[in-house]
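Notes follow once the structure below has been shown.
All figures in this text were calculated on a predicted structure; none of them were measured in a lab. In the text below, chain A, chain B and the rest are named by the order of the sequence lines, each starting its count at 1.
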Amino acid sequence: MNYWLMKTEPDVFSIDDLEARGREPWSGVRNYQARNFMRDAMAEGDGVLLYHSNCPEPGVAGLARVAGKAYPDPTQFDPKNEYFDPKSPRENPRWVLVDVAFEKRFAAVLPLSWMKGRPELAHLACLQRGNRLSITPVDPTSWSFLLAEARRIERR
DNA sequence: GCCAACGTTGGC
DNA sequence: GCCAACGTTGGC
């Protein structure tokens, strides 16, 4: 079982949207490295930290899980969709997605400003300098630490 | 809005 | 295959 962090812009799709829908096909990933994580390394049941980016308070907003294995992203074939990719052959689709299932909304966002510089999160990929990937692996230490913090603020 | 950092494109 | 130009991401 692996752990992941997936970024989303809350203006577009937030943890509340995921809660309302229950489950969402994670369409629109158009980066090869992120695609490879979904295609090659994700498995049903993997843990997901949902991260709000490009917003007033960036940080981890809640918990989800991978709901199945990767399959072709249908938006790549739709000329009217913003993620349409005319160079993706139907017989050999370039882009895949996984379904993501809602698990929990944290009592408050765990802010990026708080995460920065925490020794427990030293190996968290999304905090490494220059990282812009929308999907990154999460090491078990970081995972446990963030979940513990989420439980702590819930009791507060 | 600025800008650093990185990915992608395309000419050669 | 190199690399300059361009586009995107995302914090601030």
Query - Separation between CG of A:L121 and NZ of A:K116, rounded to the nearest 0.5 Å - result: 12.5 Å

Query - Atom-pair distance (CZ on A:R35; C1' on B:dG7), nearest Å - result: 14 Å

Requested in this report: Please test A:T75 against A:R30 for side chain to side chain donor-acceptor pair (under 3.5 Å), starting from the C-alpha separation and ending with a verdict.
Outcome: CA-CA 11 Å; A:T75 64; A:R30 295 294 180 269; 3.0 Å; yes

Report summary line: Among B:dA5, C:dC12, B:dT8, the one nearest any side-chain atom of A:R132 is B:dA5

Report summary line: When rounded to whole Å, the CZ to P distance for the pair A:R129 and C:dG11 reads 16 Å

Query raised in the report: What nucleotide among C:dG10, B:dA5, C:dG11 has an atom nearest to a side-chain atom of A:K7?
Result: C:dG10

Requested in this report: Describe, as an angle rounded to 10 degrees, how the axis at the first end of the helix from B:dG1-C:dC12 to B:dC12-C:dG1 is tilted relative to the axis at the last end, five pairs per end.
Outcome: 10°

Query - Whether A:W114 and A:F145 hold their rings parallel, tilted or perpendicular, with breakpoints at 30° and 60° - result: parallel

Report summary line: In whole angstroms, the gap separating P of C:dT8 from CG of A:N131 amounts to 19 Å

Query raised in the report: How long is the span from the CE atom in A:M6 to the CZ atom in A:F13, to the nearest 0.5 Å?
Result: 10.5 Å

Report task. In whole angstrom, give the distance that lies between atom CE of A:M115 and atom C1' of C:dG11. Result -> 13 Å

Query raised in the report: Could you state the CG-P distance from A:D11 to C:dG11, rounded to the nearest angstrom?
Result: 12 Å

Query raised in the report: Closer than 4.0 Å, any side-chain N/O of A:Y51 to the OP1 or OP2 of C:dG11?
Result: yes

Query raised in the report: A:N31 has a side chain; which of C:dG11, B:dG10, B:dG7 sits nearest to it?
Result: B:dG7

Report task. Please tell me which of the listed nucleotides, B:dA5, B:dG10, C:dG11, lies nearest to the side chain of A:K87? Result -> B:dG10

Query - Protein-nucleotide distance (A:N54, atom CG; B:dC2, atom P), rounded to Å - result: 16 Å

**Report entry** A:R94 CZ to B:dT9 C1', straight-line distance once rounded to whole Å
**Finding:** 12 Å

Query - Least distance between heavy atoms, A:V98 atom then A:K69 atom - result: CG1-C, 4.2 Å

Query raised in the report: Rounded to the nearest Å, what distance is computed from the CZ atom of residue A:R30 to the P atom of nucleotide C:dT9?
Result: 12 Å

Report task. Find the distance between OH (A:Y3) and OG (A:S144) and round it off to the nearest 0.5 Å. Result -> 6.0 Å

Report task. For residues A:S53 and A:P10, report the shortest heavy-atom separation together with the two atoms involved. Result -> O-CD, 3.3 Å

